[in-house]
Amino acid sequence: LVKRAEQTRDMDWNEFFGKNVENRKSVYKFGLKEDAVNAEKLADGSYYGIKNDLLYEYDGYQHRISNVYIDNKNQDSHQDSSGEGKVDGALIRYCQTNFAISNLVLENFDVTAERNAAALVAEMQNPKSGNVTGLRISNVLVVGGSITSNFTRGNAGGLIGYTGTRTVVSDCAANAKITAKGARLDADYAGDAGGLIGEMKSDGREIRISNSYSGGQTEKGKYKSTVK
């Protein structure tokens, strides 16, 4: 698998991923056992986002990825509220290793997912081994579009849906409509929406945002579940 990627030109969504596989879009060819299992959870027409534990850097070289449409649904629409099997939606669906992405414009991303949703990274976690990993995003711009999570525990963010490890965001911006539709059951059991990051859980690790901005939306002095 690819370890380092450089984008050499602007790309429309249809140019970014390979051929459809069993009516599902994918950048990589299905083949890994894990991929085969997880891809089966997706309904037809869904996008099976990037997950590559060897990929440590993506440099967009100031280029764009444009006109993206992701609508990820489970095959089984009657699953319970525990979150098991709910699918993430983003360019990169899941990351658990050190990863840096920079110098990229994401334009007109329309993303809907049943769990975590974002334009760039849906979910960032530490690996099961317990090693602390880190995500670094710099000089990335999200322009237009909408990001929506439909599930109670699902989170929506312009750059990142959910991060549970060390994360550094610098010189970034997001101008998109962000919506988390899940009901807030209590302070720790809720779906959150954020202009840059939907939900952060640091557990004492560094999460830092610098020289970055996003839009905001309030109603009567209280934050709404939609950020625009």
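Since the structure is predicted, the reported quantities are computational estimates derived from the model, not experimental observations.
Residues I147 and F109 share a closest heavy-atom pair of CD1-O, 4.2 Å. The heavy-atom pair separating L159 from A118 by the smallest distance is O-CB, 3.5 Å. Closest of all the heavy-atom pairs between E107 and S66 is OE1-OG, 3.0 Å. The two atoms that bring S212 and L196 nearest to each other are CB-CD1, 3.9 Å, heavy atoms only. In terms of heavy atoms, D88 sits closest to N72 at O-ND2, 2.9 Å. Of all the heavy atoms in A156 and I178, the pair that sits closest is O-CG2, 3.3 Å.
Side chains of D171 and V140 form no contact here, defined as non-hydrogen atoms less than 4.5 Å apart. K3 places none of its side-chain heavy atoms less than 4.5 Å from the side chain of L55. Between M124 and Y162 there is no side-chain heavy-atom pair separated by less than 4.5 Å. With a 4.5 Å cut-off on side-chain heavy atoms, D110 and V68 do not count as touching.
For Q7 and Y58, the side-chain atoms include at least one donor-acceptor pair closer than 3.5 Å. In the model, D12 has a side-chain atom that pairs as donor or acceptor with a side-chain atom of N67 under 3.5 Å. No side-chain donor from either of N98 and T133 sits under 3.5 Å from a side-chain acceptor of the other.
The closest donor-acceptor contact from the side chain of S149 to the backbone of R115 lies under 3.5 Å. Here the side chain of D10 pairs a donor or acceptor atom with the backbone of R64 at under 3.5 angstrom. For N116 (side chain) and N155 (main-chain N/O), a donor-acceptor pair under 3.5 Å exists by modelled atom type. In terms of modelled atom types and a separation under 3.5 Å, the side chain of T97 and the main chain of C95 share no donor-acceptor contact.
Using a cut-off of 4.0 Å between Lys/Arg side-chain N and Asp/Glu carboxylate O, E206 and R166 are scored as not salt-bridged. The pair E199-K201 fails the salt-bridge criterion, with no side-chain N (NZ, NE, NH1 or NH2) lying under 4.0 Å from an Asp/Glu carboxylate O.
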>> Could you walk me through whether N103 and N139 satisfy the side-chain hydrogen bond (donor to acceptor under 3.5 Å, both in side chains) test, starting with their C-alpha distance in whole Å, then the side-chain angles of each, then the deciding distance to 0.1 Å, before giving a yes or no?
In response: CA-CA 5 Å; N103 307 319; N139 195 27; 2.9 Å; yes
